[in-house]
Amino acid sequence: MDFKFTDKEQAFHDELTDFLIAELPAGWADHPVQWPHDYAHSPYRDPKDMEVHESFIKKIAEKGWLTISWPKEYGGQGFNNMQQAIFDERMSYYRAPAGSSGSVGAGIVGPMLLRIGTKEQQAEFIPRIARGEITFWLGYSEPNAGSDLGAVRTTAIEDGDDLVLNGQKCWSSLAHKADYSWMIVRTDPDARKHQGCSFVIVDNKTPGVEMQPVINILGDHSFNEVFMTDARIPKNNLVGEKNKGFYHLMQALDFERITLVGIGGFKRMFEEIIDYVKTNKRNGKLLSEIPSVRYKLAEIATNIEIGYMLFWRTAEMLDRGEDPNVESSSLKVATTELARDMAEVAMEILGPYGQLTESSEWSPIRALVSRGFLESISATIGAGTSEIMRNIIAQRGLGLPRV
Amino acid sequence: MDFKFTDKEQAFHDELTDFLIAELPAGWADHPVQWPHDYAHSPYRDPKDMEVHESFIKKIAEKGWLTISWPKEYGGQGFNNMQQAIFDERMSYYRAPAGSSGSVGAGIVGPMLLRIGTKEQQAEFIPRIARGEITFWLGYSEPNAGSDLGAVRTTAIEDGDDLVLNGQKCWSSLAHKADYSWMIVRTDPDARKHQGCSFVIVDNKTPGVEMQPVINILGDHSFNEVFMTDARIPKNNLVGEKNKGFYHLMQALDFERITLVGIGGFKRMFEEIIDYVKTNKRNGKLLSEIPSVRYKLAEIATNIEIGYMLFWRTAEMLDRGEDPNVESSSLKVATTELARDMAEVAMEILGPYGQLTESSEWSPIRALVSRGFLESISATIGAGTSEIMRNIIAQRGLGLPRV
Amino acid sequence: MNLDLNTEQKLLKNSARSFLKQECPSALVRKVRNSDEAFPETLWKNMADMGWMGLGIDEEYGGIGGSASDVAVLMEAMGEASLPAPFFTTVVVSGTAIQQSSNEEMKAKLLPLLVTGKLVSSFALIEPNNDYGLTHIRTAATADGSDWIISGTKLFVEYAKGARYFLTVANVEGTGLIVAMIDAATDGIKLKSMPTLDYSKQCEVVFNAVKVPAENILALGDDAESMLNHLEDICAVAKCSEMMGAIQSVLDVSVEYVKDRTQFGQPVGGFQAVQHHCANMAVNVDSARYLTGLAAWKLSEGLPATKEASMAKSFVSKAAVRVSKLGHQVHGAISFCDEHDMHLYLRRTQSASMAFGNTEYHLEKVAQKIGL
Amino acid sequence: MNLDLNTEQKLLKNSARSFLKQECPSALVRKVRNSDEAFPETLWKNMADMGWMGLGIDEEYGGIGGSASDVAVLMEAMGEASLPAPFFTTVVVSGTAIQQSSNEEMKAKLLPLLVTGKLVSSFALIEPNNDYGLTHIRTAATADGSDWIISGTKLFVEYAKGARYFLTVANVEGTGLIVAMIDAATDGIKLKSMPTLDYSKQCEVVFNAVKVPAENILALGDDAESMLNHLEDICAVAKCSEMMGAIQSVLDVSVEYVKDRTQFGQPVGGFQAVQHHCANMAVNVDSARYLTGLAAWKLSEGLPATKEASMAKSFVSKAAVRVSKLGHQVHGAISFCDEHDMHLYLRRTQSASMAFGNTEYHLEKVAQKIGL
């Protein structure tokens, strides 16, 4: 085993680190309000931070770094997946703005279009994703299709040059702030469950697409219910092979599990906790002097290290041309449980102070722990529950029977 | 809620305690070698202890206490199930000899015969069980019928006044030391799985019954493979309704889960651990002064208290005429996991000393911890795995669907 | 032995549950959360009309008596409803403290008000230097003639804004602790919100040379110590009961949901992973119920209860959060919405698990009681 | 980055596995367990013929070189086979210590013997007063001219009965620790069996005024301290590799079994509870593998490795026992028989988890390394 970056990777790592330190405002990492592996997406308490956010995304796009692993002809850098992983790690470590749901475009839709899109589709969407101009939401879940995505009922029926969409999507994260949906729909309503589905790209502005906000556990509007009523999209927006959407979905889900991790965020959050326990006393003693605090934090540190390695492994496999289907599932199980464990450990260490929900002189670590505690509830559910992940590991990884 | 014994129960508790203190040799509790909730049954290191064992069982039988909850006419005391539970608790706390596999006779076969046996069967077996004269082994498991007892294949076919047995039983605990088997067999080979089974009593001396020893993880001969080849038993030995063995089995399993607990053994073992950590230093410090040791043992103490209450609850339900089917499953899950946890915690506390397998000046607590560590592996497997217990709790307790 | 409720307790439980279902639906919990009012006055008044404020209070003061086990029944129903009102601090904590005090004047003055719901009292214990327990209390009480002058900062004071009194613990240099009922209208008291995830309207309370008349002192020195030790058991058990109510609901709601929700062509409750999650919830709920019941029973019988109270608090604090999280897991994404009630239970159990000593705090107490 | 083995390591792994499958079947493990011999001489000789004793030993002493990562590959194969022979104490521990020493005489004398399998060495560290670590060493070394006199009791000395040398840690009053290679043939050494659950033939070794010539001293004072600290990392990682081998087997054997074993009309591996047990085993095995690999790589590169070694030891010690127990659980009763191999893995992992510092010991080291 060899855990060293190549010289090229290391050089990119260092260049990026320097860039982030230089370009982000001093103390920036204290501004975003998020727990590692969050799906809740409400990054700032101060609305002014959105300006920094947007101007920073432009800078990253200018460097061509939004999509570094894409071919140069598509606005990428032609870097390998390991460099992409380094980028994700560094960005999340510095809590750098990654574009509002930008990761869906750059992390999932882009790579999928590069693999299964037509030249025309690539030409239409890829450069704009690379420049950070357009954003996507994931149109997977429906009221009766959660873990069981095979049960999607939203139909897309051909009518001349159009596909006519009818149905409903739910848990549509940040759909209201995005431009397009990357949506799975049923193109052959008579086919059996896992057949007859296809991917389409749906413009949010399409007539017949309506959204209803859903307020999440944190009190934020991140989810939406999206209703499609005779919404017409061009047939050309069907991506990949018609009625083979389920085969494509497996790959898209792998990208999602890897993209969402934000592995550097764990390290950063952990460093904040370490700082806090080293500088705060309770009952006459530094928190860091309490043996159980030391053990618990050492355990979290160990699990972060494991998370890092499971993360690098998926990149390494992609670079070898392998599908990290099982490995991305292990990664998701490990890091989402870590997100919960870290919140729980922090809560235990902070005692009643951990429950504070707004920054005040009494709130440890900018009141992030109570947020993380609630936020991480979704981690083991969203993008495939831990139960589904374990099914995948057992069935696809270990070859146990599907019964 | 009321956690007090009735006066009568308390009086019995005290009488029994006095009896145990008076009749057991001084320091007796240091002789048996067993971990709580063991299925391994090799109680002594010194063979001489078997003499004390046998003479003590006679004394208990003389008091009529082997079968205290049975009607007086059957050699019992007509006590209630709570008194039976008190008896089990006190006996296991003092590690008093309970008869080699005596609990199968007194705890399972006897109560079942009293419920579903004929007058003749009761007359034949009940008094001898009550006097501790005969012992039983449980003939449930077969090579292809472990968790799935519905798959038993041993047949018992009518032939004149006899039933002719053919087949194989396995994991037959202490069958080689017992007199009879309480066996489930297939009396209608053409019926569907859970129909067509019946209970029979099989004399070990029946021609055609052969045993092969199986050495367990501890190096002891506790298990057997038992082969029946044209073994003829009288038809009168069929117990309960023919072909309804599965309905009877559910009740027999409840008794088994309650009988096997030996709840007092947890308390006693725990007290030995407490004594040890209070009197032994490691690295210059009493083990009991290490915070994590304190926390872990306090947690075990709490779980023992929970085990006790789940245990009393089954007795209380039986006294109300209710079937503690779900409750005995919760009890088994909780106490078997406790048996494992306590071994693991003791191992952690004792460090390398915990792994010693023979009493020497360096072995803590008579080298019981390494034994408990291995022995408790079987706790969550035998008499219904934890997985089967959780199925029962979910399906019969919470009404979740059988799919 | 009877591990069920007795007949009166069953009646109390049923009436409390149906009252709260009617008067305190989750919509009210959200409404109170979003409003500036400390707690819903109407609900409080109606609770008083039910006679609840007199539970556990002697009849001579207008109370209806009743044991710690009875109070546990009520606290459980309140946990189930995520009650957004100061019953715990007023009746359970302050009521117990006042009754235990030898200050007859206070009893005669405050208890009759308390039992009719006219007095709301909050509990001011924790300070910036500590997280629970009676050590490191720096709020200072100094004698001033027959009065006391109290100065210091208290944190996590529940429902402070609606309180008429603060049951306050302070330190008298050289003498030990003092327990006082501080009138909220006294000069020198400042409140500042400390919003917490359980919506319980906690506050920072600053006492700046607050003058407290001698007649407001409930206990001093050894009396204070023993009162606070008893309160610690009382509070631990009450919080366990509250968590019990919440997790029994989590289990009930979850079982109902998984029977109904279909995925992969079958109820999700048919999947073994979901069944085992539910079975684990059930075993945890049962274990929590009996441990809490045992501790409450010991208190009711006047037996030493610290070991059992701390066993309950250490176990239930963990079990309740575990059960709440499993409830979310078997629900999936729907439980991550504000409109769903599941998170109300999670919030309540998490905060209660940290209140009045977390698991380690109580494990250490258990360790002491088992001779370590 | 490459999270797989390199080509040479793959070859080494394959050859080691097939050698051990042939030469060290579980029947041999049971045979050695039941016999009085310390370890099987033939197997040891054949291992030496494979060149294994020279792995990690410099070529100038007849070794074949190789990194900590290479040694990890071999230790893993040995864990898989529950190897009942003193490779670890001889090659990994003593070999490393001798090489690190500045005692050229010892190197020249012992290493050539060691690489040919002619020298078996055991490690005498733990004492009645401690359970691991370098504190509370009371075995005393006192100077006697140019010799040393060593007295004290050592516990848990693996394969002591077959050893020609004891790598021993003693305390020189006022000066610090001393590391010596004590010739087992010296007067004043007594051995007594300490049977343990992992069948590793551990002994109590009593040194009663044993005379040790100066040339047998590997290190003293600061040198000893730094040698032992390095050994601690080496031992931790080697034990992790050993456990890795065991739990990879547990996973493989379990998956095979549950595919085959039928209950309720289907393979038990079709039940979700069993699948999730297996998935949990797999995630634990992978995590253990990468952590161990990282620590071994750091050692191989000569980088500071204490944090990673202790992370690995703390995690793998828990994970390995967890995986072993899950292996038993999915097997059911059959794994509770002596004739089944599952318990061999459980025994080996449990003892290894306690050896050279348990989880808490190493978590504390991690805590120090992350700045706590």
Side-chain angles (χ1 to χ4, degrees), chain A residues 39-40 141 143-151 170-171 193 214-223 281-284 287 290 292-293 340 344 347-358 360-363 367 369-371 373-378 380-382 385-388 390-391, chain C residues 33-34 126 128-133 135-136 153 155-156 192-200 202 204 261-266 268 271-274 277 317-318 321 324-325 328-340 342-343 346-347 350-351 353-361:
Chain A
Y39 298 122
S141 295
N144 289 302
S147 287
D148 180 14
L149 285 175
C170 60
W171 320 124
K193 214 172 146 183
V214 174
I215 305 304
N216 72 16
I217 199 173
L218 295 159
D220 298 328
H221 171 198
S222 66
F223 292 143
K281 283 189 175 186
R282 201 74 36 87
N283 302 323
L287 288 167
I290 301 169
S292 68
V293 170
R340 281 188 168 205
E344 213 162 313
M347 273 285 191
E348 274 180 48
I349 292 172
L350 301 175
Y353 298 82
Q355 67 185 321
L356 294 165
T357 54
E358 283 173 30
S360 82
E361 60 178 307
W362 306 118
S363 321
V369 173
S370 63
R371 187 182 180 89
F373 180 79
L374 295 171
E375 207 161 16
S376 61
I377 287 296
S378 69
T380 56
I381 295 171
T385 63
S386 292
E387 289 73 27
I388 296 287
R390 291 196 172 94
N391 288 352
Chain C
R33 165 189 80 180
N34 299 335
I126 304 179
N129 317 297
N130 64 21
D131 55 5
Y132 187 59
T135 57
H136 302 273
T153 298
L155 302 180
F156 302 107
K192 206 198 269 179
S193 273
M194 297 182 81
T196 53
L197 55 73
D198 70 338
Y199 308 144
S200 64
Q202 302 188 30
E204 172 188 350
R261 166 80 172 168
T262 299
Q263 289 281 275
F264 302 102
Q266 65 171 51
V268 297
F271 288 98
Q272 202 178 24
V274 173
H277 283 338
S317 293
K318 289 275 184 198
V321 175
S324 300
K325 289 190 170 183
H328 277 279
Q329 191 67 22
V330 301
H331 270 83
I334 192 150
S335 71
F336 197 63
C337 297
D338 181 57
E339 67 196 81
H340 197 279
M342 195 54 62
H343 68 96
L346 178 71
R347 291 168 185 275
Q350 174 59 26
S351 283
S353 79
M354 290 297 153
F356 301 96
N358 68 4
T359 290
E360 274 184 12
Y361 179 89

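In what follows, chains carry the letters A, B, and so on, assigned in the order in which the sequence lines appear, proteins first and then strands, with residues in each chain numbered from 1. Quick note: numbers below take in every heavy atom, side chains included, and nothing from hydrogens, waters or symmetry partners.
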> Which atoms of C/Ala273 come close to chain A, meaning under 4.5 Å heavy atom to heavy atom: side chain ones, backbone ones, both, or neither?
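It is the side chain, since no backbone atom gets that close.
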
> Can you tell me how far the CD1 atom of A/Ile377 sits from the CG atom of C/Leu346, to the nearest 0.5 Å?
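Nearest 0.5 Å value for the CD1-CG distance: 5.0 Å.
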
> Please flag which part of A/Leu149 lies under 4.5 Å from any non-hydrogen atom of chain C: side chain, backbone, both or neither.
neither

> Using 0.5 Å steps for rounding, measure from the OG atom of A/Ser376 to the NZ atom of C/Lys325.
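Rounded to the nearest 0.5 Å, the OG-NZ separation comes out at 5.5 Å.
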
> Chain A: which of C/Ser317, C/Ser193, C/Gly332 shares the most heavy-atom pairs with it under 4.5 Å?
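Looking at each of C/Ser317, C/Ser193, C/Gly332 in turn, C/Gly332 comes out on top.
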
> Find the distance between CD (C/Glu204) and CH2 (A/Trp362) and round it off to the nearest 0.5 Å.
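Separation between the atoms: 5.5 Å.
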
> Heavy-atom distance under 4.5 Å to chain A: side chain of C/Ile334, backbone, both or neither?
both

> Can you check whether C/Pro195's main-chain N or O pairs, donor with acceptor, with A/Thr357's side chain at less than 3.5 Å?
yes

> Of the backbone (N, CA, C, O) and the side chain (C-beta and beyond), which part of C/Val321 lies under 4.5 Å from a heavy atom of chain A, both, or neither?
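Side chain only.
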
> Among the options C/Met194, C/Met354, C/Gln202, pick out the one with the most heavy-atom pairs lying under 4.5 Å from chain A.
C/Met354

> What verdict does the side chain to side chain donor-acceptor pair (under 3.5 Å) test give for A/Ser147 and C/Gln263, after you've listed the backbone C-alpha separation in whole Å, the side-chain angles of each residue and the deciding distance to 0.1 Å?
CA-CA 7 Å; A/Ser147 287; C/Gln263 289 281 275; 4.9 Å; no

> Side chain, backbone, both or neither: which part of A/Ser363 has a non-hydrogen atom closer than 4.5 Å to chain C?
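Neither; nothing under 4.5 Å.
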
> Between C/Phe156 and chain A, which part of the residue has a heavy atom less than 4.5 Å away: side chain, backbone, both or neither?
side chain

> Looking at A/Asn391, A/Leu350, A/Ile215, which has the largest count of heavy-atom pairs under 4.5 Å with chain C?
A/Ile215

> Given a strict heavy-atom distance threshold of 4.5 Å, which part of C/His277 is in contact with chain A: side chain, backbone, both, or neither?
side chain

> Heavy atoms, side chains only, cut-off 4.5 Å: are C/Arg347 and A/Gln355 in contact?
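The answer is no, as the side chains (C-beta and beyond) never meet within the 4.5 Å cut-off.
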
> Measure distances from A/Ser360 to the heavy atoms of chain C and classify the residue's part below 4.5 Å as side chain, backbone, both or neither.
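Looking at A/Ser360, nothing touches chain C.
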
> If we check side-chain contact (heavy atoms from CB on, under 4.5 Å) with A/Ile217, which of these qualifies: C/His328, C/Glu339, C/Met342, C/His340?
C/His328

> Hey, are C/Gln329 and A/Thr385 close enough side-chain-wise for a donor-acceptor pair under 3.5 Å?
no

> If you measure from the Lys or Arg side-chain nitrogens to the Asp or Glu carboxylate oxygens, is any gap between C/Lys192 and A/Glu361 under 4.0 Å?
yes

> Side chain, backbone, both or neither: which part of C/Phe271 has an atom under 4.5 Å from a heavy atom of chain A?
neither

> Pick one of side chain, backbone, both or neither for A/Ala145, based on which atoms fall under 4.5 Å of a heavy atom in chain C.
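Contact with chain C is through the backbone of A/Ala145 alone.
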
> What closest approach, in Å, do A/Lys193 and C/Gly265 show between heavy atoms, and which atom pair accounts for it?
NZ-N, 4.4 Å

> Checking C/Ser200 against chain A: side chain, backbone, both or neither under 4.5 Å from a heavy atom?
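No part of it gets close to chain A.
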
> Sort A/Glu344 into side chain, backbone, both or neither according to what part of it lies under 4.5 angstrom from a heavy atom of chain C.
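For A/Glu344, side-chain heavy atoms alone lie under 4.5 Å from chain C.
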
> In Å and rounded to the nearest 0.5 Å, what is the CD to CD1 distance from C/Glu360 to A/Ile290?
8.0 Å

> Given heavy-atom pairs under 4.5 angstrom as the criterion, report whether the side chain, backbone, both or neither of C/Asp131 touches chain A.
both

> Output the distance between atom CD (A/Glu375) and atom CZ (C/Phe336), rounded to the nearest 0.5 Å.
6.5 Å

> Between A/Val214 and C/Cys337, what is the shortest heavy-atom contact and its length?
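Distance-wise, the nearest heavy atoms are CG1-SG, 3.5 Å.
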
> In terms of heavy-atom pairs under 4.5 Å, which option from C/Leu197, C/Thr135, C/Thr262, C/Asn129 contacts chain A the most?
C/Leu197

> Is it the side chain or the backbone of A/Leu287 that comes within 4.5 Å of chain C heavy atoms, both, or neither?
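Neither part, no heavy atoms under 4.5 Å.
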
> May I ask you to name which of A/Ala151, A/Ser292, A/Gly219, A/Gly150 has the most heavy-atom pairs under 4.5 Å with chain C?
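Result: the option with the highest number of such pairs is A/Ser292.
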
> Which pair of heavy atoms, one from C/Asn130 and one from A/Tyr353, lies closest together, and at what distance?
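Result for this residue pair: O-OH, 2.8 Å.
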
